[in-house]
Amino acid sequence: HPVIYTEGIVASSFNMASVSDNQLMYTFRPSWAAGVNHWRFGRDGRNTELALAKLNYLAYRYNGDRSQANVYLHGGVGVVDAELGRRDTREAYMVGLDVDWETRTLYAAAKHYSFHAPALADHSMSQLRLGFAPYEASFEGLQTWFMLQAMHVHEVEDRVMLTPMLRFFHRNVLWEAGAGTRGEWMLNLMVHY
């Protein structure tokens with residue numbers, strides 16, 4: 001949920017052993033949200049961390065009778081700090097694209113983010129999610145989803161990580177838990193205010 005209702009705040013935390021994405025965003029117009037974003041990429045016991053001021057834009061929204069779809073654009077500027085034998089802080093920026101489509105029982109989403117900093121290896125993250133809900137929940141009820149996530153993080157993983165997961169959404173809280181096919185855990189939390 002990169003952009004929610006006007007004057008809404010989203011706090012989210014996406015966590016795996018090799019990557020984390022934590023952000024706090026404020027939607028100040030129907031199609032715009034701004035905030036702060038922290039990323040961590042880990043490989044071979046070393047971390048690369050980015051702290052960014054971020055802007056999200058809802059470029060397109062489709063609301064049909066039985067489905068909805070969204071296209072979001074992302075941009076951010078900040079600093080990167082890499083443990084490459086010594087700590088080295090440099091300027092950094094990121095760009096990204098999110099696309100999703102869902103009905104009350106089917107879900108598909110794709111995203112790609114690129115992170116850039118001078119003198120450091122560029123990182124990128126691509127993710128595809130497919131899911132289904134075993135029942136149609138009421139708007140106020142507990143929504144349950146079974147999902148499969150395929151993710152590749154360039155400069156962190158050599159292969160695509162597959163992660164089956166469960167997603168739950170109740171009122172203003174979304175949480176997800178899963179374990180990758182190679183044993184990597186995943187735990188995510190998002191709260192709307």
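What you see is a predicted model, and the numbers here were worked out from it, not measured in a lab.
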Legend entry - Worked verdict on Ser18 versus Glu184 for side chain to side chain donor-acceptor pair (under 3.5 Å): CA-CA 8 Å; Ser18 60; Glu184 185 169 87; 3.3 Å; yes

Legend entry - Close side-chain approach of Val10 to Val191, heavy-atom, < 4.5 Å: no

Legend entry - Face-on cation placement of Lys54 at Tyr72 ring, 6.0 Å and 45° thresholds: no

Legend entry - Non-hydrogen side-chain atoms of Phe14 and Gln127 separated by less than 4.5 Å: yes

Inset, instruction - Taking the side chain as every heavy atom from C-beta outward, state whether Leu187 and Trp175 have any pair of such atoms under 4.5 Å apart. - result: no

Inset, instruction - Determine yes or no for a side-chain-to-main-chain donor-acceptor pair under 3.5 angstrom, with Asn37 supplying the side chain and Ala53 the backbone. - result: no

Legend entry - Side chains of Glu176 and Leu174 in contact at under 4.5 Å (non-hydrogen atoms): yes

Legend entry - Modelled atom types, side-chain donor and acceptor of His152 and Ser126, under 3.5 Å: no

Legend entry - Donor + acceptor pair across side chains of Gln143, His170 (<3.5 Å): no

Legend entry - Side chain proximity check, Arg40 to Met16, heavy atoms < 4.5 angstrom: no

Legend entry - Centroid separation His154 to His123 less than 6.0 Å: no

Legend entry - Sub-4.5 Å side-chain heavy-atom contact between Met25 and His1: no

Inset, instruction - Hey, can you tell me if Tyr57 and Trp32 have their rings parallel, tilted or perpendicular (30° and 60° cut-offs)? - result: tilted

Legend entry - Cation over ring face, Arg104 and Tyr135, 6.0 Å, 45°: no

Legend entry - N/O donor-acceptor pair under 3.5 Å between Thr103 side chain and Thr105 backbone: yes

Inset, instruction - Keeping the roles fixed (side chain from Asn56, backbone from Pro2), state whether a donor-acceptor pair exists under 3.5 Å. - result: yes

Legend entry - Gap between atom CZ of Arg129 and atom CD of Gln149 - 0.5 Å precision: 4.5 Å

Inset, instruction - Please state whether the rings of Tyr113 and Phe115 are parallel, tilted or perpendicular, taking 30° and 60° as the class boundaries. - result: perpendicular

